[in-house]
Amino acid sequence: MGFLPTLPLLVEHTMRVRTRFAPSPTGYLHIGGVRTALFNWLFARKHDGQFLLRVDDTDQQRNVEEALEPILNGFRWLGLDWDEGPQAGGAGGDGDYGPYFQSQRSELYEAAAEQLVAGGFAYRDFATTEELQAEREAAQASGEAFTYSRRWMAESPEQVAKFEAEGRAAVVRLKMPREGTLVLNDLIRGEVRFDWAREQDHVIQRADGSCLYHLASVVDDRAMEITHVIRAEEHLPNTPRQVFIAQSLGYEIPEYAHLPYVAEPGSKNKLSKRKLDKYLKNRDFAALKKHGDSIAERLGLETSADTFNPVIVDFYEQVGFLPSAILNYLLLLGWSLDGEREEFTVDEMVEHFSLERVNHSPASFDPQKLMAFQERAFTQLDLKKKTALCVPFLQTAGLIDTPPACDTAPRVSAILTAAGDRVKVAGDILDYNDFFTPNEQLPLEEKAFQKRINKPEDARELLRKFADTLKTVEPFTASELDKALHGFVEREQIKIGQIIHALRVGVTGKAVGFGVFETLEILGRESCMARIQRALEHSIA
RNA sequence: GCCCCGUUGGUCUAUUGGUAAGGAUUGCAGGCUUUCAAUCUGCAGAUGAGGGUUCGAUUCCCUCACGGGGUACCA
């Protein structure tokens with residue numbers, strides 16, 4: 001009755017897989033959105049198909065261009081390239097199915113609405129919101145499910161004229177089936193059933209002629225030949241009305257796949273950009289944010305919740321995460337290959353991805369695990385790449401020149417080698433700012449100075465003596481310095497701890513850092529001498 | 001209220017009608033160590049509840065609880 005139990009599927013007739021992501025121009029790229037986009041992208045790439053971006057700006061007041069830029073930027077940074085859409089593919093146009101802004105496609109939607117009315121699948125409805133509300137409340141009071149009486153439905157010109165004479169305005173509503181069942185075969189969830197009787201006569205066009213999302217979405221998906229609609233699960237209950245629209249319009253139905261949403265750290269609530277304050281109470285989330293803050297501060301970045309927020313992709317770019325690490329982490333948030341393997345390059349993701357292995361339940365965003373992926377990916381990078389990633393951070397922080405002096409890269413590389421996996425994101429290079437600070441401007445952390453140089457009785461004397469030793473170490477390398485210090489310790493009959501901490505604080509101003517001998521070597525003899533001298537003269541006020 | 005989706009250690013997950021329920025991440029304790037990090041060793045930690053079906057259920061079915069989504073002239 002009414003709607004076909006078996007849906008004619010578009011995919012069977014189309015050679016090429018086409019998926020899409022339809023961001024609203026909100027000014028930021030949400031991490032959950034990235035995952036949805038990633039799965040769309042992976043699916044398209046895996047099947048040698050196409051991935052497109054369509055801007056969902058149907059109800060839209062703000063400046064679209066401006067609000068879209070951070071989103072496109074995020075995609076570019078992550079390497080999720082789109083075959084069609086705004087600013088797609090090099091010199092040519094945006095693609096053959098444009099425009100890719102829904103605000104520029106309204107005639108299409110209006111024509112579709114017209115067609116639905118003409119076909120008897122939709123009708124003009126002259127009910128006022130109050131009248132509708134009254135019906136809803138009545139249904140609720142009697143404990144029944146609300147079904148619109150269609151009292152102000154106008155299907156003939158006479159009815160239209162009559163209602164208009166009353167001064168009423170009409171919206172267009174779907175004339176939904178009131179019996180039967182829709183059996184939907186979701187690629188992730190399997191068979192899902194909906195009773196048509198539960199569906200409402202949804203509005204698809206407003207009185208002012210503008211059309212609503214569901215209509216627009218279905219029309220565009222068809223016009224752009226989308227074969228697989230892969231989207232967040234909150235759209236699952238909306239699917240029946242979209243199927244109804246599509247079928248009524250004579251379209252074939254795309255495949256649907258509904259992904260679980262990404263949840264807050266430590267809970268099953270949906271992750272939202274607006275709840276930063278709440279997430280900051282989560283220890284792990286707070287740690288991630290703090291890590292970012294410390295980098296941003298040294299870069300002189302603004303850290304407003306609108307942009308500098310671990311729920312938003314910009315955050316990761318700004319503090320120096322690797323796109324591949326984020327993608328790898330996000331991939332595992334709801335998808336697994338076999339429960340064992342977790343590391344995937346982007347190419348391997350494409351190779352192995354399948355919708356069948358997408359999980360059904362929401363997955364919490366776990367900052368610690370993201371960090372673990374990032375750390376692993378970053379430490380696996382070769383030195384040249386790491387250096388190239390870190391240099392811009394030093395430039396932005398004003399620690400080195402732009403363009404960098406010729407000895408900068410080797411120095412950064414030496415620091416990275418010595419620091420090992422202490423540098424987890426590119427921005428962590430700023431922990432070693434002391435290597436780029438002029439000797440006479442090196443800040444001495446008072447607490448460290450007090451504990452390691454000022455307070456121990458013999459520290460100053462030992463440091464002075466060791467400085468003399470330092471003058472003669474040749475070559476001035478970590479291994480020679482190591483020998484020299486150990487010889488010194490033996491001669492002075494002291495424990496290594498009595499000198500080494502003072503030495504570190506003296507030359508870096510800090511209590512923590514990587515190996516002291518590497519530190520000395522990278523600094524060079526001259527700087528070491530100058531800094532030690534300065535530390536010896538320093539006193540606490 | 002009604003409809004839909006979901007529920008394995010803190011978190012991400014694997015597997016199976018018969019498992020010591022596996023991996024990852026995290027946590028804790030200890031070792032190493034010039035600080036920090038890393039590393040090594042050890043430890044801890046899960047099938048939401050109740051009913052069925054079955055010789056046997058984490059797995060299949062039902063009910064409940066909990067979480068989420070939808071029920072908009074939002075997307």
Side-chain angles (χ1 to χ4, degrees), chain A residues 22-24 26 56-60 102 125 127 129 132 136 139-141 143-146 169 171-173 184 186 188-189 192-195 197-200 202-208 210-214 216-217 231-241 258 260-261 263 265-270 282-284 329 332-343 357 359-373 375 379 419-424 431 448 452 482 485 489 495-505 508 510-517 519:
Chain A
S24 306
T26 50
D56 184 350
D57 56 350
T58 45
D59 89 321
Q60 185 47 61
Q102 294 194 309
D125 180 53
T129 42
L132 224 45
R136 248 188 273 266
Q140 187 144 24
E144 280 166 39
F146 168 67
V171 297
V172 175
R173 282 182 189 281
L184 194 71
D186 187 277
I188 292 172
R189 281 151 214 278
V192 184
R193 292 163 177 273
F194 298 91
D195 286 338
R198 311 252 175 227
E199 299 298 320
Q200 301 299 320
H202 299 283
V203 173
I204 53 173
Q205 186 173 27
R206 300 184 179 95
D208 67 6
S210 62
C211 292
L212 267 15
Y213 165 77
H214 293 286
S217 173
R231 64 201 343 181
E233 69 174 295
E234 50 262 40
H235 289 282
L236 183 54
N238 297 150
T239 308
R241 81 180 85 152
H258 292 275
Y261 60 89
S267 103
K268 288 292 183 205
N269 292 17
K270 201 165 92 169
N282 175 284
R283 192 175 109 247
D284 303 334
Y329 172 71
L332 273 319
L333 213 52
W335 179 89
S336 68
L337 181 65
D338 54 12
E340 298 285 320
R341 179 167 169 192
E342 294 204 321
E343 250 182 287
R357 292 204 57 91
N359 234 79
H360 298 190
S361 49
S364 298
F365 174 73
D366 181 355
Q368 287 189 133
K369 191 149 181 175
L370 202 212
M371 204 61 206
F373 273 76
E375 183 180 343
T379 51
D421 35 30
R422 272 165 271 240
V423 176
K424 302 179 196 312
D431 286 343
R452 299 301 192 183
D482 191 332
L485 188 97
V489 162
K495 284 192 215 146
I496 196 164
Q498 288 174 262
I499 176 69
I500 206 159
H501 295 115
L503 188 54
R504 177 192 303 284
V505 173
T508 67
K510 297 173 183 170
V512 300
F514 49 74
V516 164
F517 307 117
T519 301

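From a predicted model like this one, the values you see are computed outputs, not experimental measurements. Just so it is clear: chains get the letters A, B, ... in the order the sequence lines come, proteins before strands, and each one is counted from 1. Just so you know, these numbers use all the heavy atoms, side chains as well, and skip hydrogens, waters and symmetry mates.
- Across all strands shown, A:H235 has heavy atoms under 4.0 Å from base atoms, whether or not it also approaches the sugar-phosphate.
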Reading nucleotides 31-48 of chain B from the 5' end, what letters show protein touch, with B for base, S for backbone sugar-phosphate only, - for no heavy atom under 4.0 Å? ---BBBBS----------
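- Across B:rG52 and B:rC40, the matching P atoms stand 49 Å from one another, rounded to whole Å.
- Remark: the backbone N or O of A:M371 is not paired with any side-chain donor or acceptor of A:K424 at under 3.5 angstrom.
- Contacts of A:A372 classified as side-chain contact (heavy atoms from CB on, under 4.5 Å), with partners at least two apart in sequence or in another chain: none.
- For A:H214, there are no ring-ring contact (aromatic ring centres under 6.0 Å, His included) partners at least two apart in sequence or on another chain.
- The side chain to side chain donor-acceptor pair (under 3.5 Å) test applied to A:R198 returns no partner, not counting sequence neighbours.
- With both pairing distances under 3.5 Å, B:rG45 is matched to nothing as a Watson-Crick or G-U wobble pair.
- The nearest whole Å value for the distance from the CD atom in A:E343 to the C1' atom in B:rG23 is 14 Å.
- Shown here, B:rG18 forms a base pair with B:rC55; the pair counts as Watson-Crick or G-U wobble because both key distances fall under 3.5 Å.
- Applying the side-chain contact (heavy atoms from CB on, under 4.5 Å) test to A:L337 and every residue at least two apart in sequence or in another chain returns A:W335, A:R341, A:F344, A:H352.
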With 3.5 Å as the limit, what N/O pairs link the protein to nucleotides 59-66 of chain B?
none

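- Of the two residues contacting RNA chain B, namely A:Q140 and A:F373, the nearest-nucleotide position lying further toward the 5' end is that of A:Q140.
- Judged by distance alone, the side chain of A:E342 and the main-chain N or O of A:F373 form no donor-acceptor pair under 3.5 Å.
- Remark: A:D366 engages no residue in a side chain to side chain donor-acceptor pair (under 3.5 Å) (not counting sequence neighbours).
- Remark: A:N359 engages A:S361 in a side-chain contact (heavy atoms from CB on, under 4.5 Å) (not counting sequence neighbours).
- In this structure, A:N282 atom CG and B:rU26 atom P are separated by 15 Å, rounded to whole Å.
- Atoms CZ (A:R283) and C1' (B:rU26) sit 8 Å apart, rounded to a whole Å.
- Every residue was checked against the side chain to side chain donor-acceptor pair (under 3.5 Å) condition with A:N282, not counting sequence neighbours, and none meets it.
- Comparing B:rG1 with B:rC43, their C1' atoms sit 50 Å apart, to the nearest whole Å.
- Checked against side chain to side chain donor-acceptor pair (under 3.5 Å), A:E343 has the following partners two or more places apart in sequence or in another chain: A:Q380.
- Under the ring-ring contact (aromatic ring centres under 6.0 Å, His included) criterion, A:Y213 pairs with A:H235, sequence neighbours left out.
- Shown here, B:rA24 forms a base pair with B:rU11; the pair counts as Watson-Crick or G-U wobble because both key distances fall under 3.5 Å.
- For B:rG67, the paired base is B:rC5 (Watson-Crick or G-U wobble, both distances below 3.5 Å).
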Scoring nucleotides 3-15 of chain B by protein non-hydrogen atoms under 4.0 Å (B base, S sugar-phosphate only, - none) yields SSSSS--BBBSSS
